[in-house]
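Hydrogens, waters and symmetry mates are skipped; everything else that's a heavy atom, side chains included, is used.
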Amino acid sequence: MSALNLSWHSKSLDSQVALRCGAYPTCSHQTNALAFRGSESMGHSLKFPFGNSSAKTRLRNHIRPPLRVVCMDYPRPDLDNTVNFLEAALLSSSFRSSPRPAKPLNVVIAGAGLAGLSTAKYLADAGHKPILLEARDVLGGKVAAWKDDDGDWYETGLHIFCKIGSNSFVNSAASSLYNAFSNSSLLYLLFNVFLWKVLNIPLLYGFSVFTFGDFIIDLIESLFCFLQVGAYPNVQNLFGELGINDRLQWKEHSMIFAMPNKPGEFSRFDFPEVLPAPLNGILAILKNNEMLTWPEKVKFAIGLLPAIVGGQAYVEAQDGLSVQEWMRKQDFLWLLDTDSCLEYPEGVPDRVTTEVFIAMSKALNFINPDELSMQCILIALNRFLQEKHGSKMAFLDGNPPERLCMPIVDHIQSRGGEVKLNSRIKKIELNDDGTVKSFLLNTGDVIEGDVYVFATPVDILKLLLPDNWKEIPYFKKLEKLVGVPVINVHIWFDRKLKNTYDHLLFSRSPLLSVYADMSLTCKEYYDPNKSMLELVFAPAEEWISRSDSEIIDATMGELAKLFPDEISADQSKAKIVKYHVVKTPRSVYKTVPDCEPCRPLQRSPIEGFYLAGDYTKQKYLASMEGAVLSGKLCAQAIIQIVTVLSSELNNDYEFLVARGQGSLTEATIS
């Protein structure tokens, strides 16, 4: 038995608080309330049994053969002429083309995550002076990362960048399907026989051949109209504006799921590049018969028809249901003649949830389907169905603070803005009329400005919210919005794992969400000899206060199922060289049912005070895209109100001085 000294490092984050070497930084009592003392870093010398690795070859047509680990990036998809990209580009250009202010506004922004960085970047583009304050010594917020003593990086989360697509296919697809169903009684008959005999769904008595053709074309048109959103168009524009498009490593257009009932094997959804949406997604689903049966696929598809027909209004109405509730609520009565006495199936089969949507829910919001709002799933499904490359993924080519955040900081500073680290806000100081006077820092420094923005996570805002603001409806509704805990695990092994991919992988395990071998997927982390797995441990609510050793033991137990020939829980096969555990007790807001009405607009009822963050009103929910877009909307709101009101005085700065620090008003969220 040999002894292996492990370097144990842990970070517990409240999106502002970092715990290093077991020492708590000086901060307000309010901020400490989000820290978990069980996550202090520890150093141990542990003994692990060494043994020979066993190898058992698994050759299946849907998994990559052993000893064939491939690292290959794919060309950047065609983005620049898509509708969503152009809409985002137009918003970006509006800041650069806006009239230059006679005297730039000093805008104090709390939080240097993507929301704060985005707000500052676009205000600087409009000619104003942002002063960005970050509590910690690292940029990025939820995309922060740190370098250990060996020079290796470990991150707050496993971050994936998605592509955007366009809808040019809709007319030809709708027309083709219309012609097929309208002119072929045989197709219509076969469709009914399939429903009745294979799925036990009664005949569609209410339709004639021609009216059914109209129904099909309406479905197709509704499919492309419902929820007109794209996958990360504002993030993609940001990369282009900064000149760093080459820092995204695009992967093959696939979604890869582990098979819990077949340890060590994977099931793929491959989206053919030659087909437009939604045909590429439909074919990817139809070709995969390992996760869902044909009857389950069709029943789920029929369950989605109300969403396709109902469009945006239907999707928004589903915010009150969890994924699990929505699945069980679906029935097919709306397809039937009211006089039909035949039996009909009720609800989408539970296996659809367990096989697909547990993994999807954990990947989207780090929680299970019994908690996640169905609205979140419908938005994601729309991305996959509406856009040819809606599910195409890319990895950043290195650590986010240097490869993404620093270019934004350089851009801000080149236009006269400031970025200050280690500037934790202790208190929002108010004037007598309730408007903001200044931000008081833990150091005792007082930061004053013309306009103030809070771009921190919602939980930090709620801790620092002044007492006389708390009963204002705009702020009171924030009580419903709570950050979800998440744990990010990094494990360096003593060998190169063979049963892996150069891609994001859905673990489908009870404890893990998604993972990737970063020694394959990321240029900066590339290692031809050893693997580094980065894994999202979720749901994490019951684990966030547990010790790192418990989390690693549980993770290794799950990895033994994913890599049965290479990893064992007792490390008798692949051995841990080192690991890092990063805990975020409050990450993105928890997208539970009925929280949508509580999301605030970027402009608050307090004159001169604004919010930014993915929890604020924008169409991308909790995501990097949502954070970047919220910053653009916040900057837009500041510029719009100043432009309108200052036009009377013909000077931005004079207007803000003349307002006498404003007045306290109330607002409601529409």
Side-chain angles (χ1 to χ4, degrees), residues 226-227 229 300 303-331 334 346-385 457-459 461-462 473-486 510 513 536 538-542 544 584-601 611 613-623 625-627 629-630 668-670:
F226 122 86
L227 253 184
V229 301
F300 174 60
L304 282 178
L305 291 182
I308 297 173
V309 174
Q312 177 74 14
Y314 178 88
V315 172
E316 292 177 354
Q318 306 318 298
D319 179 55
L321 296 174
S322 70
V323 176
Q324 189 175 78
E325 289 170 341
W326 185 91
M327 294 287 182
R328 292 177 176 174
K329 183 180 178 182
Q330 301 311 298
D331 61 52
W334 64 280
E346 294 184 0
V348 175
D350 286 342
R351 242 179 56 84
V352 174
T353 300
T354 57
E355 290 295 303
V356 178
F357 287 103
I358 287 180
M360 196 169 180
S361 298
K362 290 165 67 172
L364 288 171
N365 200 237
F366 313 124
I367 56 179
N368 282 319
D370 60 338
E371 291 187 280
L372 183 68
S373 167
M374 187 60 191
Q375 182 190 39
C376 186
I377 291 289
L378 290 175
I379 289 175
L381 286 175
N382 170 70
R383 176 187 302 167
F384 300 157
L385 289 173
V458 66
D459 298 280
L461 170 64
K462 290 190 291 185
Y474 175 92
F475 294 110
K476 191 171 181 60
K477 291 181 179 181
L478 298 179
E479 295 175 4
K480 174 81 173 178
L481 303 178
V482 179
V484 62
V486 65
S513 171
V536 179
E541 190 162 0
E542 296 180 5
I544 197 74
T584 307
R586 294 290 182 264
S587 182
V588 296
Y589 77 95
K590 200 172 185 178
T591 314
V592 296
D594 295 320
C595 71
E596 186 64 24
C598 302
R599 298 174 66 195
L601 299 170
L611 300 180
D614 60 14
Y615 69 92
T616 62
K617 278 285 188 182
Q618 43 78 26
K619 59 186 178 181
Y620 292 96
L621 302 182
S623 62
E625 172 71 8
L629 177 56
S630 76
T668 57
I669 301 176
S670 58

- Show your reasoning for whether side chain to side chain contact (heavy atoms under 4.5 Å, CB included) applies to Val592 and Leu372. CA-CA 5 Å; Val592 296; Leu372 183 68; over 6 Å; no
- Query: Quick one: does Ser373's side chain get under 4.5 Å of Leu321's, heavy atoms only?
  - Reply: no
- Query: Run the salt bridge (charged side-chain N to carboxylate O under 4.0 Å, His left out) check on Lys590 and Glu541 step by step: do they pass?
  - Reply: CA-CA 12 Å; Lys590 200 172 185 178; Glu541 190 162 0; 3.7 Å; yes
- Between Val323, Ile367, Leu621, which is the residue that forms a side chain to side chain contact (heavy atoms under 4.5 Å, CB included) with Cys376? Leu621
- Query: Taking all non-hydrogen atoms of both residues, which atom of Ser322 and which atom of Pro369 are closest, and how far apart?
  - Reply: CB-O, 3.6 Å
- So CD of Gln324 and CE of Met374: to nearest 0.5 Å the spacing works out to 12.0 Å
- Task: Return the minimal non-hydrogen interatomic distance between Ser587 and Val486, and the atom names on each side.
- Result: CB-CG1, 3.6 Å
- Side chains of Ser630 and Asp614: do they bring a donor and an acceptor to under 3.5 Å? no
- By side-chain contact (heavy atoms from CB on, under 4.5 Å), which residues pair with Pro539, not counting sequence neighbours? Lys362, Asn368
- Task: Any chance you could measure Ser361, atom OG, to Asp370, atom CG, to the nearest 0.5 Å?
- Result: 8.5 Å
- Task: Calculate, to the nearest 0.5 Å, the distance between atoms SG and CZ belonging to Cys598 and Phe475 respectively.
- Result: 14.5 Å
- Will you find, in the side chains of Thr591 and Asn365, an N or O donor that is under 3.5 Å from an N or O acceptor? yes
- Query: Does the distance from a Lys or Arg side-chain N to an Asp or Glu carboxylate O, for Glu596 and Lys617, drop under 4.0 Å?
  - Reply: yes
- Message: Are Val536 and Phe366 packed together at the side-chain level, in the sense that at least one heavy-atom pair is separated by less than 4.5 angstrom?
- Response: yes
- Check against side chain to side chain contact (heavy atoms under 4.5 Å, CB included), Trp326 and Ile377: CA-CA 11 Å; Trp326 185 91; Ile377 291 289; over 6 Å; no
- Item | Carboxylate-amine/guanidinium contact Glu479 Lys462, below 4.0 Å | no
- Task: State which residues pass salt bridge (Lys or Arg N to Asp or Glu O under 4.0 Å) with Lys480; sequence neighbours excluded, sorted by chain then number.
- Result: none
- Does any N or O in the side chain of Asp319 come within less than 3.5 Å of the main-chain N or O of Asp594, such that one atom is a donor and the other an acceptor? yes
- Does the side chain to side chain contact (heavy atoms under 4.5 Å, CB included) test come out yes or no for Gln375 and Leu378, once each step is laid out? CA-CA 5 Å; Gln375 182 190 39; Leu378 290 175; 5.8 Å; no
- Would you please test Gln618 and Arg599 for side chain to side chain contact (heavy atoms under 4.5 Å, CB included) and show each step? CA-CA 9 Å; Gln618 43 78 26; Arg599 298 174 66 195; 3.0 Å; yes
- Message: Would you compute the distance between atom CZ of Phe357 and atom CG of Leu364 and round it to the nearest 0.5 angstrom?
- Response: 10.0 Å
- With sequence neighbours left out, the residues meeting salt bridge (Lys or Arg N to Asp or Glu O under 4.0 Å) with Glu325 are none
- For residues Tyr615 and Val588, determine if any side-chain heavy atom of one lies less than 4.5 Å from a side-chain heavy atom of the other. no
